[in-house]
Every structure is written in structure tokens, then in C-alpha cells.
Number of protein chains: 2
Amino acid sequence: MPIAATARFRRFSRAVTREVGALDTSFLGRGRPLGAARVINAIGRGRSEVGSLREDLGLDSGLMSRLLRGLEEEGLVRTHAHPDDGRRRVATLTEEGEREFRAYEELSEAQAAAILARYPHREALLAAMDLIASALGRDRLSLNEIDPRSETARDCLGQYYAELARRFERGFDVARSRDPDALDMIRPRGAFIVALSDGLPLGCVGVKGTGGESAEIKRLWVAPSARGLGISRQLMTAAETAARALSIRVLRLDTSSALPEAVQLYRKTGWREIERFNDDPYPDVFFEKQL
Amino acid sequence: MPIAATARFRRFSRAVTREVGALDTSFLGRGRPLGAARVINAIGRGRSEVGSLREDLGLDSGLMSRLLRGLEEEGLVRTHAHPDDGRRRVATLTEEGEREFRAYEELSEAQAAAILARYPHREALLAAMDLIASALGRDRLSLNEIDPRSETARDCLGQYYAELARRFERGFDVARSRDPDALDMIRPRGAFIVALSDGLPLGCVGVKGTGGESAEIKRLWVAPSARGLGISRQLMTAAETAARALSIRVLRLDTSSALPEAVQLYRKTGWREIERFNDDPYPDVFFEKQL
DNA sequence: ATATTTATCTGACTTAAGTCAGACATCATG
DNA sequence: CATGATGTCTGACTTAAGTCAGATAAATAT
């Protein structure tokens with residue numbers, strides 16, 4: 001490792017903890033100690049079982065318990081036994097707790113906006129932040145099957161089309177391509193999978209079913225900031241698993257020699273190149289895989 | 001502001017505080033509370049007056065005092081009165097304190113290396129980190145006059161030459177260019193100034209004197225990760241100030257139309273384009289400024 | 001020379017955070 | 001249904017961090 005690398009890393013670490021770290025350690029001025037504020041936020045984000053809360057926040061069970069009692073007394077949280085296991089407890093926010101959670105969210109948004117407003121070249125700064133967040137958080141990636149008509153899915157697809165437009169010499173027009181019908185990518189015919197990191201979509205893939213034993217892989221995309229982290233491979237594995245669960249026996253896909261990384265990936269993961277099987281004007285390479 | 005910007009920022013902030021922030025809040029396993037460790041590090045980095053220590057670490061004077069007493073008892077720190085002002089106190093590390101400081105540095109380096117080792121595409125990751133650190137730390141930039149033969153200066157110049165080689169169509173060879181003699185960029189003939197952010201050099205500029213009333217500006221360079229933050233302008237201002245202090249009345253410089261940002265900057269800051277004044281093969285634009 | 005300001009220090013607090021041992025109820029298993 | 005394991009809770013601690021009101025001594029102003 002070159003000597004300078006750690007120096008650069010440490011400079012980054014200092015700059016960030018000074019400017020950004022304060023954000024996470026601040027109580028955001030709501031008159032509540034950090035621990036309690038963190039619990040409210042964790043519950044607000046969907047962590048509800050006490051055990052997983054504890055793990056998430058890295059707290060001792062005694063401390064966790066006391067924090068929850070405190071929030072209960074404040075009227076922000078209610079706890080009840082887990083329906084399947086009376087030992088475990090589940091915490092939920094009361095209406096007032098929800099309000100408090102939203103107040104924290106708004107303050108946090110406002111702080112983020114205030115910090116960003118201070119710097120020029122915001123897009124470059126954000127792109128660098130995306131890259132770092134993706135690299136650091138790569139083991140926290142979650143693959144979720146969602147509705148291809150949902151906002152998250154449309155967000156991914158929009159970025160996918162924009163990228164194709166940039167990559168193809170003649171541009172790309174969705175209308176001219178065979179846009180898979182959304183219903184073909186919903187169970188039981190097919191599936192649509194997104195890779196989420198901390199809520200932000202970083203990639204997607206669709207399995208477009210026909211109702212029979214064959215299906216097509218469509219719309220494989222990974223955000224530029226998250227490339228090189230093996231996300232496309234994870235997405236493809238998830239897509240194949242989903243296809244198997246749908247009793248699909250053979251998968252096909254079309255792609256383009258203008259996307260060499262994609263072609264490479266398919267070659268390396270057991271796909272066999274086949275003859276053209278459609279008359280879509282954009283693709284010029286075709287693959288098949290038996291499951 | 002687009003809605004997504006704050007979400008991206010917050011994702012970054014979470015990822016970073018989780019992975020990197022822990023570095024700064026950890027005691028690095030030396031059996032000493034964080035506060036004391038931070039004091040050792042601040043002194044080791046050259047903060048010695050108690051007042052500036054306090055400001056740097058953001059501590060109450062009582063707390064600061066107690067931390068210093070603790071470290072004195074441990075035999076790591078010695079304090080004595082400031083020679084010019086008996087009220088102020090100056091803290092220095094004892095030999096044992098120095099050892100302790102180096103131990104912290106080594107642990108911190110090792111942690112940085114361990115984190116970096118986990119990620120592929122290290123150069124891209126580090127470039128993103130540089131960009132962010134420069135943006136966040138831009139008000140912490142310090143301009144220092146140093147010896148052009150020092151390691152820091154040679155580091156800057158090396159990057160400068162590498163950049164020229166990339167930018168010029170025919171490449172760049174230092175030997176073919178009129179490399180300013182280092183002695184001409186040291187007082188009393190001239191000066192060499194670097195911009196340091198948290199110890200890392202982000203830019204440089206040289207004032208190459210002749211011994212008379214005129215001098216040349218040479219080697220203006222800013223690290224790619226730190227462009228667009230106004231550093232070159234700050235460097236030029238510092239160079240002009242240094243030139244005035246050396247009783248120089250007229251500054252000249254040569255540059256190239258292959259470096260449009262530089263040409264732009266000179267035009268905007270009171271420089272007048274003049275005729276070619278040397279036969280260096282690389283430059284094709286020439287400027288002059290009366291001080 | 002005296003009064004005021006400034007930099008640091010000391011003592012007496014508070015608060016947040018975290019640890020540990022044991023209590024208690026519930027679940028899984030023979 | 002007895003047994004041990006599991007998840008949560010309570011009480012009794014410790015430690016780190018930080019606050020605040022003076023005390024003290026040196027510097028500066030009047």
C-alpha cells in the first residue's frame with residue numbers, strides 16, 4: 001500500500017467526523033439525550049422488536065429496557081408482547097411518537113440541506129458521497145422483490161433508460177424497444193428485484209415471464225456509483241433464484257456489444273451465446289441459460 | 001434543491017459514521033478515555049498552548065485542566081508557563097508521551113489500512129474521499145511558504161509535471177522546459193508556497209526571483225480533487241503578497257492555451273497579456289502584472 | 001499603585017452511558 | 001410437567017463527560 005493512502009483516508013475521516021459526524025451525535029435540539037433519540041429513530045425506521053433494536057443500536061439489554069421505559073413514560077412508545085413468542089417484546093410509536101420521529105426527520109433533512117448548500121459543485125460532491133456510501137455499505141445491501149410500477153422501480157428504470165441513451169451511439173428510445181409489460185414482471189408470471197442500500201435503490205433486474213417454462217431477463221442495471229462491487233452478479237443470482245421458484249426452466253436475454261461489462265458478466269456466469277431471437281433494433285448479442 | 005440530494009447525503013452520513021466514525025470515537029484500545037487520548041493527539045500534532053487546545057477540542061476550561069492534570073500524573077505531559085505571558089500555559093509531551101502519541105498514530109494508520117484493504121477500486125474510493133475532504137475542509141486551508149526542495153514541495157511538483165504530461169498533446173518533459181532553479185524560489189530571491197489542508201498538499205505556486213525588481217510566477221498547480229474551491233486564486237494572492245514583500249514590482253508568467261482555466265484566472269485577476277518573452281517550447285500565452 | 005481583565009485551576013455538582021448480577025416470565029424439550 | 005434456555009426487566013453500581021461558581025495569579029488599564 002502506498003504510504004499516502006492511509007494519510008488520505010485519515011484526512012477524509014477527520015474532515016467528515018468534524019463536519020458530518022456532529023450531525024449524528026447531536027440531539028438535534030429536541031431536549032432528549034442521544035440514546036433516547038436514537039431509539040425513536042430506529043423504531044420509526046421500522047425496527048420494532050426489542051431484540052433487533054438492541055442489536056441495531058449496540059446496547060446492553062438493561063440500558064435498552066430503561067430507555068424504552070423512559071419513552072413509554074413520555075408517551076412516545078408503546079410496547080406489547082410478540083404474538084408468536086410472549087418473551088419477546090415489540091415496540092411501536094404512539095401518535096405523539098410518530099410526530100416526534102417526523103420532527104427528527106425534518107431537522108435532519110434541514111441540516112443535510114444546510115450543509116450541502118455551503119458547497120459549490122454539489123453534483124460532484126454527491127457523486128463522491130454515493131461512491132463512498134456504496135463502498136462502505138456494500139455488505140448491507142438488501143435485495144427486494146417489488147412491484148415494477150412502484151416509484152422505486154420507476155426511478156431505477158428511468159436511470160437505466162438514461163444510461164442506455166448515453167451509451168448507444170444512436171441514443172435510445174423506450175418506445176422503439178420492446179418494453180416489457182409490467183404485469184409480466186409480477187408474480188406469478190415474473191418478478192422484479194431491486195438492490196437497496198440504506199433505502200436508496202442501487203440496481204434492478206426483471207424476470208419477464210411468459211406463463212410457460214421460459215422467461216427473459218430484462219432491465220439489469222446498477223447505479224454508476226455502485227459498480228465494481230458485485231451488485232449485478234448478486235442481482236442476477238437473485239433473478240435466477242426467483243425464476244426457479246416460478247418453475248421457469250430456461251432463461252434468455254438480449255444485450256448489446258455497447259455494454260461490454262454486461263456481456264462479460266453473462267459469459268462468466270454460465271450463460272451460452274445463442275442466435276438472435278427477436279427483432280428489437282438495439283441488442284446485438286443474445287444469451288440463454290438452463291436452470 | 002432536488003429531493004434526492006438530502007437523502008443521498010444522509011445515506012453517506014450514516015455509512016460513514018458507522019464505518020469510519022467509530023475510528024474517531026474509539027480509544028484505540030490503549031486503556032485511556034477518549035478525552036485524554038484526544039488531548040495527547042492534539043499536543044502531538046503541535047497544539048501546545050492550553051487555550052488553543054481547549055478551542056481545538058471544544059472543551060470547558062475546567063475539564064481541560066483536569067485532563068492535563070491526569071496526563072501529568074501519568075507522566076505523559078509537562079506544562080510550564082508561556083515565556084511571553086505568565087497566565088497562559090504551554091503543554092508538551094514527555095518522552096513517554098511522545099511514545100504514546102506514536103503508538104496512537106500507528107494504531108490509527110493500521111486501522112485506516114485495514115478499512116481500505118476491504119474495498120476494491122481503492123484509487124476511485126480515495127479520489128472520492130479527497131474530493132469530499134477538500135470540499136468539507138475548504139475553510140481550513142493553510143498557505144505556507146516552504147523550501148521548494150522539501151519533500152512536500154517535490155510531491156506537489158511531481159503531480160504538476162504528471163498533469164502537464166497528460167494535458168499537453170505532445171506530453172511534457174521537465175528537462176526540455178526551463179526548470180526554475182530552486183534557489184530562485186527561496187528568500188531573498190523568491191518564494192514557494194503550498195496550500196495544505198490537514199497536512200495534505202493541495203496546491204502550490206512559485207515566485208521565481210531574479211534578484212532585481214521583476215520575477216516570474218511558476219508552477220501554479222491545484223490537486224484535481226480540490227479544484228473549483230478557489231485555491232488557485234488564494235495561491236496567486238499569496239504569491240503576489242510574497243512578491244511585494246520581496247520588493248518585486250512586476251510579475252510575469254507563461255502558460256498554455258491547453259490550460260484554459262489558468263488563462264481564465266489570470267485574465268480575471270488583473271493580468272495583462274503580453275508578447276512571448278522566452279523560447280520555452282511549451283507555453284504559448286504570456287502575462288504580466290504590475291504590483 | 002490600584003483596579004480590572006484574562007487564563008487557568010479547583011471543588012462540588014449533574015447527566016448520560018454503560019455494566020453486572022440476579023429476578024421473572026415464557027418457550028422448547030424430553 | 002419438570003428442566004433448562006431465552007428474552008426482558010430491575011436494582012445497584014461505575015465511569016466519562018460536562019457544568020458552574022468561585023479562587024488564584026499574571027497582565028493590562030487607569
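So you know, we letter chains A, B, ... as the sequences are listed, proteins then strands, and number each from 1.
- Within 4.0 Å (heavy atoms only), B/R32 reaches no atom of the nucleic acid at all.
- Side-chain proximity of A/R89 to the nucleotides D/dG18, C/dG18, D/dC9 is greatest for D/dC9.
- One can place CG of A/L67 at 14 Å from C1' of D/dT10, the figure rounded to the nearest angstrom.
- Looking at every heavy atom in both residues, B/L136 comes nearest to A/A15 through CD1-O, 4.1 Å.
- In this structure, A/D60 reaches the bases: a heavy-atom distance under 4.0 Å links it to at least one base atom across the strands shown.
- The residue among B/E49 and A/L63 whose nearest nucleotide of DNA chain C lies closer to the 5′ end is B/E49.
- If you measure from atom CE of A/M64 to atom P of C/dA16, you get 16 Å, rounded to the nearest angstrom.
- Note that OG of A/S225 and CD1 of A/I132 are 10.5 Å apart. Values are rounded to the nearest 0.5 Å.
- To the nearest angstrom, P of D/dA27 lies 10 Å from CG of B/D84.
- Going from atom CD of B/E55 over to atom P of C/dA7 covers 11 Å, rounded to whole Å.
- The two residues A/L291 and A/A243 make their nearest non-hydrogen contact at CD1-CB, 3.7 Å.
- Between the P atom of D/dC9 and the CG atom of A/L59 lies a distance of 13 Å, rounded to the nearest Å.
- Nearest to the side-chain atoms of B/S65 among the listed nucleotides D/dA16, C/dC9, C/dA16 stands C/dC9.
- Summarising the geometry, the separation between CD on A/E73 and C1' on D/dC9 is reported as 14 Å, rounded to the nearest angstrom.
- B/R66 comes within contact range of at least one nucleobase, with a heavy-atom separation under 4.0 Å.
- Across the interface with DNA chain C, nearest-nucleotide mapping of B/R69 and A/S61 shows B/R69 to be the residue nearer the 5′ end.
- The CG-P distance, from B/L57 to D/dA17, rounds to 12 Å in whole Å.
- Taking a 6.0 Å sphere around CD of A/E123, one finds it holds more than 12 heavy atoms contributed by other residues, nucleotides or ligands.
- Note: CZ (A/R54) to C1' (D/dG7) measures 7 Å, nearest angstrom.
- Side chain of A/T79 to backbone of A/V90: no donor-acceptor contact under 3.5 angstrom is found.
- The side chain of A/P33 lies closest to C/dA16, out of C/dT8, D/dA27, C/dA16.
- Ranking C/dT26, D/dA27, C/dA17 by closeness to the A/R87 side chain, first place goes to C/dT26.
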